[in-house]
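Predicted model, so just to flag it, every value in this text is computed and none were measured.
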Amino acid sequence: MNRLDAAFSALADPTRRAILARLALGESTVMELARPFEMTQPAVSRHLKVLEEAGLIIRRAEGTKRPCSLAPTALNEIDQWLGMLRRALEANYDRLDAVLAEMEPGKEKDGR
């Protein structure tokens, strides 16, 4: 699975999106991330593993703790892909605007 597919797959889960939203506020430990959810620490760790494999978060060892943070370039590939779609849609809307402008009442094809 390529990185973009892995990122979208990871983002498909609401718990993982909530974890990312929490990490947007700053670094957290697994136990801190597990608090708001009705799930065990190992279940949260499995979610973190998916996010880490997708390149969305970074985990580091700090003694017995494993603090997590957003990866600095986590959303670059997603943003590039969305930008390509955004540009394609804008081009489609520009073409539609041109067609609609030509269809205005009283406007002839030769521009008179």
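- Among pairs with a residue in residues 46-90, those fulfilling ring pair (Phe, Tyr, Trp, His ring centres under 6.0 Å) read F8-W81, at least two apart in sequence or across chains.
- Partners of N92 under the side-chain hydrogen bond (donor to acceptor under 3.5 Å, both in side chains) rule, at least two apart in sequence or in another chain, are R95.
- Take T73 and apply the side chain to side chain contact (heavy atoms under 4.5 Å, CB included) test, not counting sequence neighbours, and it matches N76.
- The heavy-atom pair separating D13 from T15 by the smallest distance is OD1-N, 2.8 Å.
- Every residue meeting the side-chain hydrogen bond (donor to acceptor under 3.5 Å, both in side chains) condition with S45, not counting sequence neighbours, appears here in chain and number order: Q41.
- Residues that satisfy the side chain to side chain contact (heavy atoms under 4.5 Å, CB included) test with R17, not counting sequence neighbours, are L11, P14.
- Atom CG of L82 is separated from atom CG of L75 by 9.5 Å, given to the nearest 0.5 angstrom.
- Applying the side-chain hydrogen bond (donor to acceptor under 3.5 Å, both in side chains) rule to E27 yields the partners R60; only residues at least two apart in sequence or on another chain are considered.
- Closest heavy-atom contact between A6 and A54: O-CB, 3.6 Å.
- Both M84 and I78 belong to a single network of hydrophobic side chains, linked directly or stepwise wherever heavy atoms of I, L, V, M, F, W or Y lie under 4.5 Å apart.
- Under the side-chain hydrogen bond (donor to acceptor under 3.5 Å, both in side chains) criterion, R35 pairs with no residue at all, not counting sequence neighbours.
- Atom CD1 of I57 sits about 12.0 Å away from atom NZ of K49, to the nearest 0.5 Å.
- Within 6.0 Å of CE on M39 lie more than 12 heavy atoms contributed by other residues, nucleotides or ligands.
- A search for salt bridge (Lys or Arg N to Asp or Glu O under 4.0 Å) contacts involving E38 returns nothing, not counting sequence neighbours.
- Partners of P72 according to the side chain to side chain contact (heavy atoms under 4.5 Å, CB included) rule, which considers only residues two or more places apart in sequence or in another chain, are I58.
- Residues V30 and R66 come closest through the heavy atom pair CG2-O, 4.1 Å.
- The residue from L20, L48, V50 that alone fulfils the side-chain contact (heavy atoms from CB on, under 4.5 Å) condition with L56 is L20.
- For A18, the side chain to side chain contact (heavy atoms under 4.5 Å, CB included) partners at least two apart in sequence or on another chain are F37.
- The distance from atom CG of L96 to atom CG of L89, rounded to the nearest 0.5 Å, is 11.5 Å.
- Distance check: E32 CD to R22 CZ gives 6.0 Å after rounding to the nearest 0.5 Å.
- Here R16 pairs with nothing under the salt bridge (Lys or Arg N to Asp or Glu O under 4.0 Å) rule; sequence neighbours left out.
- Identified under the salt bridge (Lys or Arg N to Asp or Glu O under 4.0 Å) test for residues 75-88, with sequence neighbours left out: none.
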